[in-house]
Amino acid sequence: MIRDTLTRQVADAIAAAQAAGDLPQFSIPDIGLMHPRPELGDYACSVAMQLARIARLPPAQIAQRIAKHVVSDIATVEVASAYVNFRLKPEFLGQQVNIVLLAGERWGDIDLGHGAAAQVEHGSANPTGYATIGTGRNVVTGDTLANALDAAGYAVHREWYVNDAGNQIRAFGASLFSHYAQAFGQDIPLPEKGYAGEDAVEVGRALAAAEGDRFLAMDRDAATRELGRMGIDLVMARIRLTMTRLGIHYDNYFSERSLYTSGRAARALEALRARGLLIDHDGALWFSEDGSPIRSGQGKRKTSDEYAESDDEPEEKGKPAPIQAVVIRSAAVVANPDERATYFASDIPYALNKVVERGFNPAVYVWGEDHQADVPRVYAAARTLGLPEGAIRLIIYRFITLMRGGVEVRMGKRKGNAILADDVVDEVGVDAFRYVMLSRSVDTKFTFDLDLVKEQKNDNPVYYVQYGHARIASLLRRAAEEHGIDLEAAYASDYPLPGEPGELDLIRRALELPEIVELVATKLEPHHFTAYAQALATAFSRFYESCRVLGTPEAVLYPRLKLCRMAQIALARALSLMGMSAPDRM
RNA sequence: GCCCCCGUAGCUCAGUUGGAUAGAGCAGGAAACUUCUAAUUUCAAGGUCGUGGGUUCGAGUCCCGCCGGGGGCGCCA
């Protein structure tokens, strides 16, 4: 990447300055390059200020001495106060256009992962209902992160974790039995906390139609279990359709229940028990990170007073405090002990399976904020089990407030008033759905205003970005069809760039894509793609307004056609990373 | 009681790991269509970055307190 090249050149310059006696000896710190205001250059380096104390010199003077020793074939160097600024040379920018054209649809790829296996697990909603709009934010986030990791050089695996074990499922089975029986005129009341939503009713009826009334005669417990299992399959089938529609593909659907049937859960518990981290208390089984016993205030984090009393080592800086003990198997009396397991009991073997058995690093999880309490627990389990630092990355996204007609729509899956992802997609389309879901940081609880997204059709960043792509496609089409231009010849030509500001700005934006991929892939923040796509589209619009393409002499026409092609490639890739279409006509 | 997230322009939100004069998009104001898609562009306007301290050459960004909003935990999933 260009930024890496310049960073290296700064480091070399410091070393050269030291060798020449212009700077004293010191170990060179991490050098960060940023994008300053455009008037000041393309990249800026503030390392001189960090060095002021070490080098015992005024920052401005250090900057001067570093700049003096910079050897760069791609940029010119200027010093402004204490900053060392770089401006990419126009000839270099012109050459880079060829690089983009050559990379084509792989433009933006970087080699961060070196082919290592990475996983993004997303979706993973309870299979007790169809995909909601909340699931929508989850899967769009996860799928885009997976795209980014793929572009960053990882071998990416996409997985949906099917929560097909536990209480929720039993309640779902019982609810289905009620809806099922209803189809045969039998009034069996919904269990408490049962599923009353249209999706549950639909599944119950579908089972009645497909299976007949044979379950009515069966043992009730067995019937509930069987119906629950079949119901999950039906729900998952529907969810898969929704995912396909959203352009999301999974390499695997991982069954939570398989953790128990395969013995993985038992083995993980044994590993914890061997380390003395499992504690029986009041009939329940607890995980305690530091092995400390459960105290009177069960499950509570130790107070600072209690820490003061105890002989615990004072906490080291940066080392997280041990988590509070957490129940992994409840005391509830249920026939099968596996069914007393909490989510957390599954999380442990699942994490081991991901990182140790399958070698994913990073293993990224995308979770809704309702699971935030589990975050420190899973990290704690990873620590105690000796998983590599950073192998597990949990991404928590905030829930969405849905507005319709200026009123907030309250949602709840159990009550059955959840807004389905399919319904929203019906209204706004896949591309707008994905873009809006991506346009805010996962930490932001944002309002999805259905009316706004629909009504804004003509003035919407979603369409603005796609419009840029369609405009280019149209222009290139006309160039070939109406002007008889051989586009391949134009792309292969080597005229110098006219050098208009609009041209250079467009190239700078296109060249930024690899940096954005790195940003998204390392911080696991997909929203940067939307901001980038918007900026790139703006750069193209400005170019388009200020630089005439068709009808100009060949020496202008050809390089500008190359720029159009370059912009098209970058826009298409940005859209593709976000899982959106890049239309040729609008 | 404890934990996590958020608070930036009228609205919705960015802010590239602590850098120079805090940015976009909408909404509202003023312009530009004989010109490759006006789903566009240009200009102007809009801010005590919730608040009070602290850390340092430098804080929207890091630390602590407080205020406001949201979410979660204390044998639910």
Side-chain angles (χ1 to χ4, degrees), chain A residues 3 32-37 39-40 44-46 49-50 52-53 58-59 80-83 85 126 128 163 166-169 171 193 281-286 294 297-301 303 323-332 340 342-344 368-377 396-399 401 439-447 449 452 456-464 466-468 470-479 482-483 512 515-516 518-519 522-523 525 527-528 530-532 534-535 538 541-542 544-552 560 564 585-586:
Chain A
R3 191 174 49 195
L33 288 192
M34 58 220 147
H35 293 289
R37 294 202 309 280
E39 319 87 87
L40 296 168
C45 180
S46 65
M49 278 177 270
Q50 297 164 46
R53 186 178 302 167
S81 71
Y83 292 87
N85 294 335
N126 274 333
T128 55
N163 301 119
N167 285 332
Q168 201 90 295
I169 297 307
K193 294 185 180 177
H281 187 83
D282 287 350
L285 191 62
W286 297 66
I294 314 299
Q298 322 161 337
K300 280 185 185 171
R301 181 181 291 275
T303 66
I323 58 157
Q324 65 186 40
V326 49
V327 172
I328 61 179
R329 200 155 67 200
S330 82
R340 286 156 43 194
T342 62
Y343 269 5
F344 184 59
E369 61 176 328
D370 53 338
H371 285 83
Q372 57 167 271
D374 295 321
V375 172
R377 297 171 181 173
I396 298 291
Y397 64 92
R398 299 287 312 271
F399 285 151
T401 308
S439 60
R440 279 101 176 168
S441 146
V442 291
D443 283 333
T444 301
K445 169 189 181 318
F446 80 93
T447 303
D449 192 322
L452 217 61
Q456 276 186 351
K457 269 226 161 87
N458 291 339
D459 232 356
N460 192 311
V462 184
Y463 300 100
Y464 179 77
Q466 293 184 319
Y467 178 66
R471 253 181 165 180
I472 297 169
S474 164
L475 192 155
L476 295 178
R477 204 163 45 230
R478 288 190 62 171
E482 295 174 22
H483 295 251
E512 216 184 321
E515 291 177 22
I516 304 299
E518 183 186 42
L519 180 66
T522 54
K523 295 182 81 172
E525 293 177 351
H527 68 277
H528 299 291
T530 59
Y532 172 73
Q534 168 92 35
T538 299
S541 285
R542 288 180 178 157
Y544 187 87
E545 293 288 330
S546 61
C547 299
R548 178 75 202 176
V549 179
L550 298 182
T552 58
R560 286 189 174 163
C564 288
R585 296 169 203 272
M586 286 177 78

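These values consider heavy atoms only, across backbone and side chains, with no hydrogens, waters or symmetry-generated copies. In what follows, chains are A, B, ... by sequence order, proteins preceding strands, each numbered from 1.
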Subject >> A:Glu518 with A:Arg3: basic N within carboxylate O range, under 4.0 Å >> reply: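 Looking at A:Glu518 and A:Arg3, the cut-off is met.
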Original post:
With a 3.5 Å cut-off and just heavy-atom distances, do the side chain of A:Arg585 and the base of B:U37 make a donor-acceptor pair?
Top reply: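 In this structure, the two groups form no donor-acceptor pair.
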Subject >> Donor-acceptor pair under 3.5 Å, A:Glu369 side chain vs B:G72 base >> reply: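 No.
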Report yes or no: does [X] contribute a side-chain atom to a donor-acceptor pair with the main-chain N or O of [Y] at less than 3.5 Å?
X	Y	answer
A:Arg548	A:Leu550	yes
A:Ser474	A:Ala470	no
A:Thr444	A:Arg440	no

Original post:
Taking a pair as Watson-Crick or G-U wobble with both distances under 3.5 Å, which nucleotide is matched to B:A38?
Top reply: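 Its partner: none found.
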**OP:** Any strand is fair game: report the nucleotide pairing with B:G65 by Watson-Crick or G-U wobble, both distances under 3.5 Å, or none.
**Re:**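 B:G65 is paired with B:U51.
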Looking at [X], does any N or O in its side chain come under 4.0 Å of the phosphate oxygens OP1/OP2 on [N]?
X	N	value
A:His527	B:G15	yes
A:Arg398	B:C4	no
A:His528	B:G15	yes
A:Tyr467	B:A38	yes
A:Thr444	B:A14	yes
A:Arg478	B:U37	yes

Taking the side chain of [X] as heavy atoms from C-beta outward, which of [options] is closest to it?
X	options	value
A:Pro461	B:G70, B:G25, B:U41	B:G25
A:Ala373	B:G72, B:C75, B:U41	B:G72
A:Ser474	B:U37, B:U17, B:C5	B:U37
A:Pro36	B:A20, B:C36, B:A14	B:A20
A:Ser441	B:C3, B:A14, B:A20	B:A14
A:Lys445	B:G70, B:U16, B:U37	B:G70
A:Gln372	B:G72, B:C75, B:U16	B:G72

Determine the contact category for [X]: base if any of its heavy atoms lies under 4.0 Å from a base atom, sugar-phosphate if only primed atoms, P, OP1 or OP2 are that close, otherwise nothing.
X	result
A:Ala470	base
A:Ser541	sugar-phosphate
A:Thr530	nothing
A:Ala535	nothing
A:Cys45	nothing
A:Tyr464	sugar-phosphate

Subject >> RNA chain B: 5'-proximal contact among A:His371 and A:Thr538 (nearest heavy atom) >> reply: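 Between the two, 5'-proximity favours A:Thr538.
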Original post:
Any idea if B:U17 is syn or anti, going by the 90°-from-0 cut?
Top reply: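 This nucleotide is in syn.
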**OP:** Report yes if the ring of A:Tyr83 lies under 5.5 Å from the six-membered base ring of B:G19 with planes under 30°, and no otherwise.
**Re:**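 Stacking is absent between B:G19 and A:Tyr83, given that the ring centres and planes do not meet under 5.5 Å and under 30°.
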